[in-house]
Amino acid sequence: MKNYLISQMFEKMADSLEFQGENPFKVNAYRRAARVIVSLTEDIENIWKMGNLREVPGVGEGIAKKIDEFLKTGRMNKYEEALSEVPDTLIKLMKIQGLGPKTLFLINKELGVKDLEDLKKVISDGSLANLPSMGEQKVNNIKRGIEWFLHSKDKILLGKAYHLVERIIEELKKRVDIEDITPAGSLRRMNETVGDIDILATGNNPKKIIEEFTSLSNIAQVIACGNTKGSIITKEGVQVDLRIVDRSSFGAALQYFTGSKSHNIKMRTIAKERGLKINEYGVFKDEEKIAGKTEYEVYQSLNMKWIPPELREDRGEIELYLEGQSIEIIQQNNILGDLHIHSVWSDGVFTIEEIALKAKEYGYKYVAICDHSQSVKYAGGLTEKEIVRQIEEIREINAKIPGIEILAGSEVDIKSNGNLDFSDKILEKLDIVIAAIHTGFKQNVTQRIITAMENPLVNVIAHPTGRLISSREGYEVDIAKVIEKAANTKTFLEINSYFDRLDLNDINCRKAKEFGAKFTLGTDAHHIDQFWTMKLGVGVARRGWLSKEDILNTYEIEDLMKYLKIKRQ
DNA sequence: GCCGTTTTCGGCCCGACTGTTTTCAGTCG
């Protein structure tokens, strides 16, 4: 699937053209096409083969031609041109806060700056400050921008941001009276990674709230401290912005700061067509404010139902809601259990009994213990003898602890030769069998997974792409083929909720749903303190437009057991 | 470069802030 690759090419072209001072609307057209293409659930190559490129929103004559050229020849002339004209090291400098394309162009043209070293040099020798429209303040800002650029890390994982923002809100609430406070931005949309964290609040004394915010513990730097907006960098290097808004505008501001950008642009364009104006203060007809107190009102003003934040990516949700439809996506409280947990039997930290008690406390009705199998030595995989003993233990604990059902499962390894790590005789004894790749990431992965799915005893494929968000691209796997096979063999696909996995991701979930596949949610928890990450998995499911019915963990235990047996019959 | 229940040409989301200028360009979210 070349969607990501092609999207990146257009993104880079946009950067290059922007730098060269091209018409900003043209630049934007490339960016829009890039955003749309990366969000497509269908393989762009298929769309191309069917001759339907022009039906993709944002793809017109010019961009369609370029895609066609690339898919036919493997090259794109205009792309190569754009890259050769502007060195990559220069484009990267646009990431520096306070340094945009116009200024960068000037610096490059007048002073010959081509990379970060050059830039530092012209700052220290004073030649930058001598450029027209360049003053002391601007140079200082660029200096600060460079520092931030150097020590800031990439985007942070959703799971980490989630924790961080909870801590901040909790501490702030203790210090000062706040009426309402909530995270906005990509965190609220449950993006798998988050850049800055945006928080929105209302209260009687905005100035005081901002003051307290900018003096929280765990702050490395205060960037801004005004009357209604404060901005800090935490010791982890994460920028957090807090805005205090008026009660009467809270909904409009929340909608505005939740984004996504493309969702909002489309909303505002539609509003404009209808003679309305949407901004962060409300929805206006001429001068009159007709909505803004709640998000519900904002959507209502365009005759739409409220759109859940996780759907706001301009992936067709606006068109759907405009028709008066809505999507019934899964809710956090629909989840009745966790279907992938490790115990001390392999590399987990807690005993099965401890897990069961914690799960019960959590309000779950069941949990599946799925420890590793024998060949996964580094994770203490169980031998066939051991798993037989483990099944016995699970049955005993089930008899002992009422109110929670423990399923005997296994995360059985799909070995590099394609065989499963346990014999069918063992697999038959288990309530749930999750198959997973842990070795041979480049060895025939697609076929190995497909063969595993053909085994009627395999219920689930765990973390189907194997990616680690922060560090690993994933197996060499044709995920489209896996999805199709999963749907055909009634094998569930896991949404692994471990915060560095979130695998399947949102787009693959949606694609899989279109093929008729079903899903399980599992935290892959090795510690009972990791149960909460189920929220992240539910977030992915919601972003993937999945409903309650699509996910096995939402069914009562009797139905769940029935679904697990279907494939075996 | 895209797009069209006003349009095949002439628009393209909206506002705040900053810094350098005397009315605005650049940057950001």
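Residue numbering restarts at 1 for every chain, and letters A, B, ... go by the order of the sequence lines.
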If you check every side-chain atom of A/Lys277, which of B/dC2, B/dC14, B/dC12 has the closest atom?
B/dC14
Of A/Thr228 and A/Gly62, the one whose closest DNA chain B nucleotide lies more 5'
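Taking each residue's closest nucleotide, the earlier one in sequence belongs to A/Gly62.
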Tell me which donor-acceptor pairs under 3.5 Å the side chains of residues 281-293 of chain A have, and how far apart each pair is, sequence neighbours excluded?
from: A/Lys289; atom 1: NZ; to: A/Ser248; atom 2: O; distance (Å): 3.2
from: A/Lys289; atom 1: NZ; to: A/Ser249; atom 2: OG; distance (Å): 3.2
from: A/Lys289; atom 1: NZ; to: A/Tyr281; atom 2: O; distance (Å): 2.9

Using the [atom1] atom as the reference point in each nucleotide, state the distance between [N] and [M] in Å, no decimals.
N: B/dT6; M: B/dC2; atom1: P; answer: 23 Å
N: B/dC14; M: B/dC9; atom1: P; answer: 25 Å
N: B/dT21; M: B/dG29; atom1: C1'; answer: 25 Å
N: B/dC12; M: B/dT7; atom1: C1'; answer: 13 Å
N: B/dT8; M: B/dG1; atom1: C1'; answer: 14 Å
N: B/dT20; M: B/dG26; atom1: C1'; answer: 11 Å

Need one value for [X]: base, sugar-phosphate or nothing, where a base atom within 4.0 Å counts as base even if backbone is also close, heavy atoms only.
X: A/Val59; result: sugar-phosphate
X: A/Pro24; result: nothing
X: A/Lys66; result: sugar-phosphate

For a quick test of reading the model, state the closest non-hydrogen atom pair linking [X] to [Y] and the distance between them.
X: A/His263; Y: A/Ile307; result: CE1-CD1, 3.9 Å
X: A/Tyr162; Y: A/Val165; result: O-CG1, 3.3 Å
X: A/Ile244; Y: A/Pro206; result: CG2-CB, 3.7 Å

Nearest-Å distance for atom pair [atom1]/[atom2], residues [X] and [N]:
X: A/Ile270; N: B/dC3; atom1: CD1; atom2: P; result: 15 Å
X: A/Asn264; N: B/dC14; atom1: CG; atom2: P; result: 12 Å
X: A/Glu273; N: B/dT6; atom1: CD; atom2: P; result: 9 Å
X: A/Phe25; N: B/dG1; atom1: CZ; atom2: C1'; result: 12 Å
X: A/Arg54; N: B/dG1; atom1: CZ; atom2: C1'; result: 11 Å
X: A/Ile278; N: B/dG15; atom1: CD1; atom2: C1'; result: 14 Å
X: A/Arg32; N: B/dC3; atom1: CZ; atom2: P; result: 6 Å
X: A/Tyr79; N: B/dG1; atom1: OH; atom2: P; result: 17 Å

List in chain and number order the residues that pass side chain to side chain contact (heavy atoms under 4.5 Å, CB included) with A/Thr202, two or more places apart in sequence or in another chain; answer none if no residue qualifies.
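With sequence neighbours excluded, A/Thr202 shows a side chain to side chain contact (heavy atoms under 4.5 Å, CB included) to A/Glu179, A/Asp180, A/Val245, A/Phe250, given in chain and number order.
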Going by side chain to side chain contact (heavy atoms under 4.5 Å, CB included), name the residues that satisfy it together with A/Leu322, two or more places apart in sequence or in a different chain.
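Side chain to side chain contact (heavy atoms under 4.5 Å, CB included) check on A/Leu322 returns A/Ile270, A/Arg274, A/Met304, A/Ile318.
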Donor-acceptor side-chain pairing of A/Asn3 and A/Glu42 below 3.5 angstrom:
no
Residue pair A/Ile67 / A/Ile37, side-chain heavy-atom distance below 4.5 Å:
yes
So what does the secondary structure string of DNA chain B come out as, 5' to 3', with Watson-Crick or wobble pairs under 3.5 angstrom, [ ] for crossing and | for pairs with another strand?
((((....)))).((((((....))))))
Sequence neighbours left out, what pairs pass salt bridge (Lys or Arg N to Asp or Glu O under 4.0 Å) with at least one residue falling in residues 43-57 of chain A?
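Only A/Lys2-A/Glu45 qualify under salt bridge (Lys or Arg N to Asp or Glu O under 4.0 Å).
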By the salt bridge (Lys or Arg N to Asp or Glu O under 4.0 Å) test, which pairs, at least two apart or in different chains, include something from residues 211-224 of chain A?
A/Arg175-A/Glu212, A/Lys208-A/Glu212
Without placing hydrogens or testing angles, list every side-chain donor-acceptor pair under 3.5 Å for residues 184-198 of chain A, not counting sequence neighbours.
from: A/Arg188; atom 1: NH1; to: A/Thr258; atom 2: OG1; distance (Å): 2.8
from: A/Arg188; atom 1: NH1; to: A/Glu295; atom 2: OE2; distance (Å): 2.9
from: A/Arg188; atom 1: NH2; to: A/Glu295; atom 2: OE1; distance (Å): 2.9
from: A/Arg189; atom 1: NE; to: A/Glu313; atom 2: OE2; distance (Å): 2.8
from: A/Arg189; atom 1: NH1; to: A/Thr258; atom 2: O; distance (Å): 2.6
from: A/Asn191; atom 1: OD1; to: A/Arg543; atom 2: NH1; distance (Å): 3.0
from: A/Asn191; atom 1: OD1; to: A/Arg543; atom 2: NH2; distance (Å): 3.0
from: A/Glu192; atom 1: OE1; to: A/Arg467; atom 2: NH2; distance (Å): 2.9
from: A/Glu192; atom 1: OE2; to: A/Arg467; atom 2: NH1; distance (Å): 3.1

Can you check whether A/Leu536's main-chain N or O pairs, donor with acceptor, with A/Thr533's side chain at less than 3.5 Å?
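No, the answer is negative, given that no donor and acceptor are paired below the 3.5 Å cut-off.
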Salt bridge (charged side-chain N to carboxylate O under 4.0 Å, His left out) partners of A/Lys72, counting only residues at least two apart
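For A/Lys72, the residues satisfying salt bridge (charged side-chain N to carboxylate O under 4.0 Å, His left out) (neighbours in sequence not counted) are A/Asp68.
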Heavy-atom count around A/Lys78 NZ within 6.0 Å, excluding the residue itself: above 12?
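Check fails, neighbour count at 12 or below.
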Any residue of residues 295-307 of chain A with a heavy atom less than 4.0 Å from an atom of DNA chain B:
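Heavy-atom contacts with DNA chain B come from no residue of residues 295-307 of chain A; none.
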Just list the side-chain donor-acceptor pairs under 3.5 Å for residues 11-18 of chain A, sequence neighbours left out, or say none.
from: A/Glu11; atom 1: OE2; to: A/Arg31; atom 2: NH1; distance (Å): 2.9
from: A/Asp15; atom 1: OD1; to: A/Arg31; atom 2: NH1; distance (Å): 3.1
from: A/Asp15; atom 1: OD1; to: A/Arg31; atom 2: NH2; distance (Å): 3.3
from: A/Ser16; atom 1: OG; to: A/Gln20; atom 2: NE2; distance (Å): 2.9
from: A/Ser16; atom 1: OG; to: A/Ala82; atom 2: O; distance (Å): 2.9
from: A/Glu18; atom 1: OE1; to: A/Arg31; atom 2: NH2; distance (Å): 2.6

If you restrict it to nitrogen or oxygen atoms, what contacts under 3.5 Å exist between nucleotides 8-10 of chain B and the protein, and what is each distance?
none

Taking only the side-chain nitrogens and oxygens of A/Lys272, find out if one of them lies under 4.0 Å from OP1 or OP2 of B/dC14.
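Yes, within the criterion.
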Its contact letters, B for base, S for sugar-phosphate only and - for none at protein heavy atoms under 4.0 Å, make nucleotides 19-29 of chain B read SSS----SSSB
